[in-house]
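Working notes, beginning with the structure itself.
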Amino acid sequence: MEKVQVVLIMMVRLVFFLVSIFLSVSLAKHSPSSVNVVSGIFIFGDSIFDAGNNHFNKNSTAQADFPPYGSTFFHYPTGRFTNGRTVADFISQFMGIDLQKPYLEAQIEVLNGSLKDYPSNGINFASAGSGVLQATNRDLGVTSLQEQLRQFQTLVEQKQINKTLVQNSIFLFESGSNDIFNYFIPIDPPKLDPDVYVQAMLTQVSKFLDQIYKLGARRVSIFSLGPVGCVPARALLPGKPIDRCYGKMNVMVNKFNKGLESLVNDLPSKHRGVLSVFGAVYDIVQHFRATPTRYRFSDVSSACCGEGTLGGMIQCGKEGYRLCPNPNEFLFWDYFHPSEHAYKLISKALWAGKKSRIRPLNLKTLVNISLPHV
């Protein structure tokens with residue numbers, strides 16, 4: 001009888017052992033760490049994402065490569081238009097990969113031999129001051145969205161970046177704020193009416209999305225514009241409200257954002273094998289403004305760094321500016337751009353937020369999902 005019991009115990013142990021092996025193999029196949037996960041990020045857009053491209057573009061006058069930019073996190077100016085990290089930086093850190101180099105910096109290093117190949121964790125093409133319309137701020141020497149696309153296309157076609165890397169990366173896009181803000185500048189305003197202007201912007205975004213798909217993009221993240229009519233720089237526009245946001249500007253922003261979300265929703269049916277997500281940044285920021293203390297903001301109207309009405313009359317770092325003692329209690333770092341604290345909160349909402357923040361998937365899901373090879 002004892003022998004039978006011993007045999008039964010040994011058999012039970014063996015079954016448990018085999019089951020545990022099976023479960024561990026099964027879980028390994030489906031765990032985020034072993035799925036064909038994202039290994040890089042390619043970034044396109046304006047100053048919300050620019051990590052220093054304009055610094056390396058000596059023809060550009062749209063710069064943030066001087067103190068006190070970068071003072072809170074990097075402790076030196078990096079060319080980022082904030083006091084620390086941007087959304088793209090935080091997403092990289094959430095993914096556990098290095099921050100992306102600006103394209104122009106990587107290009108210089110490849111050409112002079114200090115870098116053998118272009119980075120394997122993606123590249124940042126964003127240029128502060130650019131818009132989705134090619135003419136936006138051309139006089140500032142910025143790199144237009146169309147030129148950013150050409151830079152990426154050249155690297156792909158010349159096989160200077162790996163096709164597999166492109167297919168296994170996420171693409172981050174945010175642009176349009178400069179186009180809309182410029183629409184309201186009284187000097188040489190656009191001839192088009194607002195709806196036609198917004199449609200012209202969306203046409204350019206649609207062309208951009210078609211092209212990056214052809215070049216291998218399969219995971220695409222489109223971020224809405226924030227409430228541009230609420231930036232402190234609205235104080236630069238004669239006669240515009242300073243005790244509240246500029247409503248007409250935000251109406252255009254919302255029309256553009258609605259069109260962006262439609263492009264996101266249409267992309268998978270238009271292009272086989274694509275996963276696309278829409279980050280509702282406008283709504284996220286409006287929540288900060290509605291309940292500031294919940295997010296540890298003491299000021300959601302004025303720039304921490306600047307001068308004049310709302311701190312929006314002079315760029316941070318220029319002669320005569322003032323700097324607040326507590327940058328991360330401010331929604332706005334300078335007259336156009338959020339503080340690092342605001343960017344971190346936005347990033348968390350985009351990374352792991354619900355569908356009211358990012359849809360149909362959040363970024364954490366997007367980077368850990370297997371896609372069929374197309």
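Between the CZ atom of Phe56 and the CD atom of Glu105 there is a distance of 3.5 Å, given to the nearest 0.5 Å. Interatomic distance, Leu267 CG to Leu275 CG, rounded to the nearest 0.5 Å: 10.0 Å. To the nearest 0.5 Å, atoms OH (Tyr197) and CG (Leu202) are separated by 12.0 Å.
Residue Leu99 is not grouped with residue Ile123 when hydrophobic side chains (ILVMFWY) are merged at heavy-atom distances under 4.5 angstrom, including chains of intermediate members.
We find that Lys258 and Glu261 are not joined by a salt bridge, their nearest charged nitrogen and carboxylate oxygen being 4.0 Å or further apart. For Lys318 and Glu307, the salt-bridge test fails: no basic side-chain N is under 4.0 Å from an acidic carboxylate O.
Tested against Phe152 for a ring-ring contact (aromatic ring centres under 6.0 Å, His included), the candidates Phe208, Tyr118, Tyr103, Phe171 yield a single pass: Phe171. Results of the side-chain hydrogen bond (donor to acceptor under 3.5 Å, both in side chains) test with Ser127 over Asn53, Asn54, Asp50 single out Asn54 as the only residue that passes. Residue Phe288 forms a ring-ring contact (aromatic ring centres under 6.0 Å, His included) with just one option from Tyr295, Tyr343, Tyr282, and that option is Tyr295.
Under 3.5 Å, the side chains of Asp334 and Tyr69 contain a donor-acceptor pair of N or O atoms. Counted by atom type alone, Thr136 and Asp179 present one or more donor-acceptor pairs between their side chains at under 3.5 Å. A side-chain N or O of Asp210 and one of His271 form a donor-acceptor pair less than 3.5 Å apart. Looking only at atom types and distance, the side chain of Asp65 has a donor-acceptor partner in the side chain of His55 under 3.5 Å away. No side-chain N or O of Ser262 forms a donor-acceptor pair with one of Asn265 less than 3.5 Å apart. Side chain to side chain, Gln204 and Gln146 meet the donor-acceptor criterion of an N or O pair below 3.5 Å.
When side chains are defined from C-beta on, Ser144 does not count as touching Arg138, because their heavy atoms never get closer than 4.5 Å. No side-chain heavy atom of Cys324 sits under 4.5 Å from any side-chain heavy atom of Trp333. Annotation: side chain of Val156 is not in contact with side chain of Lys163 (no heavy-atom distance under 4.5 Å). In this structure, the side chains of Leu331 and Arg289 come closer than 4.5 Å at one or more pairs of heavy atoms. Side chains of Ile180 and Leu225 form a contact here, defined as non-hydrogen atoms less than 4.5 Å apart. Leu236 is listed as a side-chain neighbour of Tyr335, based on a closest heavy-atom distance under 4.5 Å. The shortest distance between side-chain heavy atoms of Phe181 and Met249 falls below 4.5 Å. In this structure, the side chains of Ser339 and Pro327 stay at 4.5 Å or more apart for every pair of heavy atoms.
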#### Entry: Trace of the ring pair (Phe, Tyr, Trp, His ring centres under 6.0 Å) decision for Phe49 with Phe44
CA-CA 7 Å; Phe49 282 158; Phe44 300 84; 9.7 Å; no

### Audit row: Asp89, Thr86, side-chain hydrogen bond (donor to acceptor under 3.5 Å, both in side chains) steps and yes/no
CA-CA 5 Å; Asp89 297 325; Thr86 68; 3.2 Å; yes

#### Entry: Stepwise side-chain hydrogen bond (donor to acceptor under 3.5 Å, both in side chains) check, Arg80 with Thr82
CA-CA 6 Å; Arg80 290 168 173 83; Thr82 186; over 6 Å; no

### Working for side-chain hydrogen bond (donor to acceptor under 3.5 Å, both in side chains), residues Gln153 and Arg150
CA-CA 5 Å; Gln153 182 175 356; Arg150 283 191 288 271; over 6 Å; no

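Within a 6.0 Å radius of NZ in Lys116, other residues, nucleotides and ligands contribute 12 heavy atoms or fewer. Within a 6.0 Å radius of NZ in Lys348, no more than 12 heavy atoms belonging to other residues, nucleotides or ligands are found. For Lys101, the NZ atom counts as densely surrounded, since its 6.0 Å shell holds more than 12 non-hydrogen atoms of other residues, nucleotides or ligands.
Annotation: cation-pi geometry satisfied between Arg85 and Phe73 (NZ/CZ under 6.0 angstrom from ring centroid, within 45° of ring axis).
Within the 3.5 Å criterion, the main-chain N or O of Gly45 finds a donor-acceptor partner in the side chain of Gln148.
A ring-centre distance under 6.0 Å is not found for Phe330 and Phe297.
The aromatic rings of Tyr246 and Phe184 sit perpendicular, their planes meeting at an angle over 60°, well past the 30° parallel limit.
Sulfur-sulfur distance for Cys304 and Cys316: not below 2.5 Å, with no disulfide indicated.
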